[in-house]
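Quick notes on the structure that follows.
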Amino acid sequence: MAFRKFLPMFDRVLVERLAAETMSKGGIMLPEKAQGKVLQATVVAVGPGSTNQKGYLTPMSVKIGEKVLLPEYGGTKVNLEDKEYFLFRDADILGKYVE
């Protein structure tokens, strides 16, 4: 697994976007241009957190394996072992899905 060899620094979160829907609810195949951007992702690695002004470590708000909602734009694309991942700051993640 590529993300086991990669540890994000500070308050960074490494995520893998979920696959885009290729079929509509009616069973029609969607072309790539009509699929839209996927804003859901799974957290695969997290950094240790950031330090505040007093030097204390602020813990991360997400954990490995959680599903999160990403902003439409932003993040840094990272290719690890032919897979595409994205790095976001912990504060940039909009929310997480609870089951």
Side-chain angles (χ1 to χ4, degrees):
M1 296 287 190
F3 52 87
R4 292 186 186 184
K5 297 177 186 173
F6 182 83
L7 179 66
M9 299 297 292
F10 305 111
D11 64 340
R12 301 286 199 274
V13 179
L14 185 70
V15 297
E16 182 178 10
R17 287 187 191 262
L18 299 178
E21 294 286 327
T22 57
M23 287 190 118
S24 70
K25 292 179 182 177
I28 299 171
M29 295 286 291
L30 297 172
E32 284 187 32
K33 289 185 179 182
Q35 288 176 7
K37 198 170 190 179
V38 178
L39 300 179
Q40 296 176 351
T42 303
V43 177
V44 293
V46 294
S50 61
T51 54
N52 60 16
Q53 291 177 347
K54 294 184 179 181
Y56 295 114
L57 189 67
T58 305
M60 300 294 281
S61 59
V62 295
K63 297 180 182 119
I64 295 173
E66 290 183 326
K67 298 221 182 308
V68 295
L69 180 66
L70 301 173
E72 189 170 355
Y73 301 104
T76 303
K77 188 188 331 184
V78 178
N79 289 318
L80 299 171
E81 293 184 6
D82 299 330
K83 286 189 95 178
E84 192 173 86
Y85 299 96
F86 290 88
L87 269 174
F88 285 91
R89 287 187 179 272
D90 188 40
D92 291 341
I93 293 177
L94 301 177
K96 59 183 176 180
Y97 295 98
V98 243
E99 296 176 13

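Computed from a prediction, not measured in an experiment: that's the story for all the values here.
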Nearest non-hydrogen partners of Pro8 and Pro48, listed with the distance: O-CD, 3.8 Å
Other ILVMFWY residues reachable from Met9 by side-chain steps of under 4.5 Å: Phe10
Heavy-atom neighbours of Arg17 CZ exceed 12 at 6.0 Å: yes
Euclidean distance, Phe86 CZ relative to Glu16 CD, rounded to 0.5 Å: 10.5 Å
Pairwise distance CZ(Arg12) to CG(Leu7) - rounded to 0.5 angstrom: 12.5 Å
Would you mind writing out the side-chain donor-acceptor pairs for residues 60-72 within the sub-3.5 Å range, not counting sequence neighbours?
{"residue": "Ser61", "atom": "OG", "partner": "Asp90", "partner atom": "OD1", "Å": "2.8"}
{"residue": "Ser61", "atom": "OG", "partner": "Asp90", "partner atom": "OD2", "Å": "3.1"}
{"residue": "Glu66", "atom": "OE1", "partner": "Lys63", "partner atom": "N", "Å": "2.9"}
{"residue": "Lys67", "atom": "NZ", "partner": "Thr42", "partner atom": "OG1", "Å": "3.4"}

Backbone N/O of Gly55 and side chain of Asn52: donor-acceptor pair under 3.5 Å: yes
Residues which pass side-chain hydrogen bond (donor to acceptor under 3.5 Å, both in side chains) with Tyr97, listed by chain and number, not counting sequence neighbours: Gln40
Heavy-atom closest contact (Asp11 atom, Ser50 atom, distance): CB-CB, 4.0 Å
Gap between atom NZ of Lys77 and atom CG of Leu87 - 0.5 Å precision: 13.0 Å
